[in-house]
Amino acid sequence: MNAAVVISFPESHTRIRIYLLKEYYNLNSTSFPRLMAPVALLTLLVASATSSYAQIPAASSARAIPTEVEQSEVRVQQVIARAEDHFRKGKLNLEDSKREQARQEFDKAVDSILESGFDVRASQKLQTYYLELVERIYREEVPMQQPVAAPNTATMQLVAQNTQTQEPAKTPAPSQIGFRDQKFEPSPLDELSKLVLNPDETTFSTKDAEDLEIAKRNVNFAFTLNPLIQGYINYYQGRGRTTMESGLRKSGQFMKLARKIFAEEGVPLDITWLGQVESAWKVRAVSWAAASGLWQFIPSTGRRYGLRQNAYIDERNSIEQSTRASARYLKWLANRYNGNWELAMAAYNTGEGNIDRAISRAGSANFWMIYPYIAQETRNYVPNILAVILIAKNPEKYGFKGIKPDAPWSYDVVRVPTATSLQLIADATDSSVDHIRSLNPELRRDITPRGESYDLRVPAGRSKQFVTVLQRIAPERRETARVISVAPGEDWQTVANRTGINVAQLQAMNGGVDLKSTNKLVVPSSNVKLTKWVRATGNPADAAPSATVNKVRARKGDTIARIAEARNLDANDVARLNGIPVDAELKAGQEIKVPSTAAAPSRRR
């Protein structure tokens with residue numbers, strides 16, 4: 001018969017029911033490594049319940065509480081003072097044109113708060129100061145000089161076609177820096193910090209222990225089993241099921257590239273699933289701490305690993321560059337903790353300074369021993385990732401059947417000259433600005449960086465068409481020009497009538513172009529009245545839209561990529577038709593247009 005012990009914790013802890021399985025953990029028959037897991041767990045739980053962490057000392061009374069609050073306020077003020085001192089030094093360096101030293105001081109200002117040992121969100125004063133500090137730093141890092149003009153001789157170059165793994169060639173960092181607002185999605189890490197497992201989810205049985213032992217063998221790095229891992233598996237099988245299903249699908253867009261880069265950097269491939277917990281595979285996810293992108297870099301750590309952040313780009317939101325930076329940071333952390341990937345992941349979440357202090361307090365470089373001394377978000381973070389990895393390695397075992405990953409991102413890469421408008425790029429590739437943004441999430445503006453050439457992603461199969469059109473546009477006009485489509489049979493006067501641009505100007509902007517051999521014309525961005533040609537007809541019925549498009553209703557968890565794949569369509573074409581990014585999660589019941597020639601979807605989606 002199984003013996004059970006229930007340990008009660010202070011309010012800040014979850015009530016965890018732990019089953020000590022006598023037959024399973026028999027001293028005479030259990031190997032030492034297997035024995036150490038439950039022993040370490042008991043040590044952790046007892047220490048957690050009795051430690052002074054987040055607990056009023058035994059001799060305290062209600063009258064002592066204000067004193068502790070006051071002491072906390074004093075410490076908060078000291079942290080703010082240190083951060084403010086670094087910020088002040090950064091401003092002085094910036095005024096002296098010592099830009100690199102200014103960046104270093106600004107980074108220290110942010111890090112001094114994040115690695116202060118405080119849960120920033122637990123102090124309204126500290127959280128408010130932190131968010132204001134980040135905004136002030138962004139405003140200080142505004143260009144203090146004009147960007148260097150690119151030569152007019154810049155040429156376009158097709159870098160790669162129909163690729164998901166091509167890493168754009170590096171270009172020298174421009175001198176200007178600065179930031180502007182973007183559209184972001186909330187990071188799942190913000191909700192993770194609040195997650196509390198319920199009693200059903202914390203149930204841990206003999207069968208669970210045996211299953212975890214077996215599943216652990218399929219993971220390609222070492223870690224210690226703990227009932228909390230099973231707790232998060234239970235969570236994802238229940239109330240977190242939608243999150244897990246969405247992650248298993250969306251991971252397909254990025255996993256091929258992530259596994260390739262992690263392998264090159266010497267990081268266990270299974271740790272790529274950290275991306276699901278960090279961002280839920282949302283390229284524009286942003287957290288309360290100003291961490292951004294798939295791999296949730298804060299500005300200072302991003303710069304530390306070579307991710308450019310200036311007025312035009314924020315490579316924390318890139319795909320290739322941020323993935324490589326993430327792998328390198330994880331590898332550095334693992335080396336710091338002697339190959340302990342649990343500690344590396346914990347430090348990735350909360351910073352190595354906080355983990356170093358927790359190790360010092362616990363007297364052990366073991367995640368489950370430092371557990372009482374780290375923030376709640378980080379306590380949840382590591383077992384959550386381990387649970388996701390175990391499910392992802394064998395989804396059907398855990399009840400996630402028939403979930404097909406989305407297709408990998410597909411695009412061509414074209415090197416474009418300075419300051420090229422995304423609207424122009426969308427026009428020239430028969431796409432939309434939203435779709436071009438989704439392929440290039442690191443761009444902060446609707447224009448490529450000024451003063452440098454840039455490796456731009458365009459829809460797969462459209463690169464040659466794009467280069468052909470762009471070569472006809474003078475470099476100084478690529479920021480403002482537009483491209484329109486020309487229908488068969490149109491002449492210069494017809495185009496002039498529907499655009500409001502006279503024939504002479506049209507011909508001047510499209511020198512040497514024969515309307516019989518092209519379907520694109522370049523026009524100024526202003527005063528364009530109509531960009532699509534409608535043939536005049538005497539029959540009103542002929543003016544009705546041609547029956548070339550059907551509408552389908554999205555199901556819960558659907559994306560454009562998934563709908564297109566089910567109907568054997570090009571996902572990029574469907575995305576352009578609807579003006580929705582390929583990977584955007586659709587609302588249940590949302591109407592999506594698809595070509596009427598689409599094959600009927602399979603029953604199993």
Side-chain angles (χ1 to χ4, degrees), residues 1-27 29-51 192 194-219 221-241 243-244 270 273 277 341-342 345-346 366-372 374 376-400:
M1 183 175 178
N2 297 337
V5 176
V6 179
I7 300 175
S8 296
F9 297 89
E11 281 187 12
S12 59
H13 292 70
T14 306
R15 183 178 176 88
I16 301 177
R17 187 174 296 135
I18 302 172
Y19 293 84
L20 301 180
L21 309 172
K22 288 185 177 179
E23 294 82 6
Y24 188 71
Y25 293 120
N26 190 283
L27 290 173
S29 60
T30 303
S31 66
F32 182 75
R34 178 174 292 180
L35 174 64
M36 285 307 294
V39 172
L41 173 62
L42 276 176
T43 304
L44 160 69
L45 295 177
V46 173
S48 178
T50 60
S51 78
L192 173 65
K194 307 171 189 174
L195 180 62
V196 176
L197 299 177
N198 62 41
D200 289 338
E201 290 163 349
T202 57
T203 298
F204 186 66
S205 67
T206 308
K207 182 67 163 56
D208 293 332
E210 293 171 346
D211 287 346
L212 284 179
E213 284 283 359
I214 295 170
K216 178 183 176 182
R217 299 169 194 165
N218 295 324
V219 178
F221 63 93
F223 65 95
T224 302
L225 291 177
N226 186 284
L228 279 176
I229 300 172
Q230 183 63 45
Y232 282 99
I233 291 175
N234 296 339
Y235 165 76
Y236 283 121
Q237 289 175 315
R239 57 191 175 117
R241 185 176 190 85
T243 301
M244 191 71 213
D270 289 338
W273 287 100
V277 176
W341 289 101
E342 290 167 291
M345 289 187 288
N366 177 293
F367 176 77
W368 300 106
M369 291 298 144
I370 70 169
Y371 186 92
I374 55 181
Q376 186 61 48
E377 179 181 309
T378 310
R379 294 182 189 180
N380 293 351
Y381 182 81
V382 172
N384 195 327
I385 293 174
L386 294 173
V388 167
I389 290 172
L390 293 178
I391 294 173
K393 297 285 285 187
N394 193 354
E396 294 199 355
K397 169 182 170 54
Y398 295 100
F400 296 91

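Hydrogens, waters and symmetry mates play no part in the numbers below; they use all other heavy atoms, side chains included.
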Checklist entry - Is it true that a side-chain atom of Q230 and a backbone atom of A209 form a donor plus acceptor pair closer than 3.5 Å? => result no

Next on the checklist: Quick check for you: to the nearest 0.5 Å, what is the distance between T203 atom OG1 and D200 atom CG?
Outcome noted: 5.5 Å

Next on the checklist: Using only atom types and a distance under 3.5 Å, with no angle test, would you say the side chain of D211 pairs donor to acceptor with the backbone of D208?
Outcome noted: no

Next on the checklist: Can a donor-acceptor pair be found, under 3.5 Å and without considering hydrogens, that links the side chain of K393 to the backbone of N218?
Outcome noted: yes

Checklist entry - What residue among Y235, Y236, Y232 forms side-chain hydrogen bond (donor to acceptor under 3.5 Å, both in side chains) with N384? => result Y236

Item to check | side chain to side chain contact (heavy atoms under 4.5 Å, CB included) between L212 and F204, worked out | outcome: CA-CA 11 Å; L212 284 179; F204 186 66; 3.7 Å; yes

Next on the checklist: Working note: L228 + W368, criterion side chain to side chain contact (heavy atoms under 4.5 Å, CB included); need CA distance, chi angles, decisive distance, verdict.
Outcome noted: CA-CA 10 Å; L228 279 176; W368 300 106; 3.8 Å; yes

Checklist entry - Below 4.0 angstrom, N of the basic side chain to O of the carboxylate: do R239 and E201 qualify? => result yes

Checklist entry - Which value, rounded to the nearest 0.5 Å, describes the distance between L225 atom CG and E213 atom CD? => result 5.0 Å

Checklist entry - Can you list the steps and then say if L390 with I233 is a side chain to side chain contact (heavy atoms under 4.5 Å, CB included)? => result CA-CA 8 Å; L390 293 178; I233 291 175; 4.1 Å; yes

Checklist entry - Would a 4.5 Å heavy-atom cut-off, applied to side chains only, mark I389 and F221 as touching? => result yes

Next on the checklist: Would the distance check show the side chain of K216 and the main-chain N or O of F223 forming a donor-acceptor pair, the cut-off being under 3.5 Å?
Outcome noted: yes

Checklist outcome for this item: So CG of N234 and CG of N198: to nearest 0.5 Å the spacing works out to 9.0 Å

Checklist entry - Distance-only, no hydrogens or angles: does the N380 side chain make a donor-acceptor pair with backbone N or O of L195 under 3.5 Å? => result yes

Checklist outcome for this item: OG1 (T202) and CG (L197) are apart, to the nearest 0.5 Å, by 7.0 Å

Next on the checklist: Using a 6.0 Å distance limit plus a 45 degree cone around the ring axis, check whether R241 lies over the aromatic ring of F400.
Outcome noted: yes

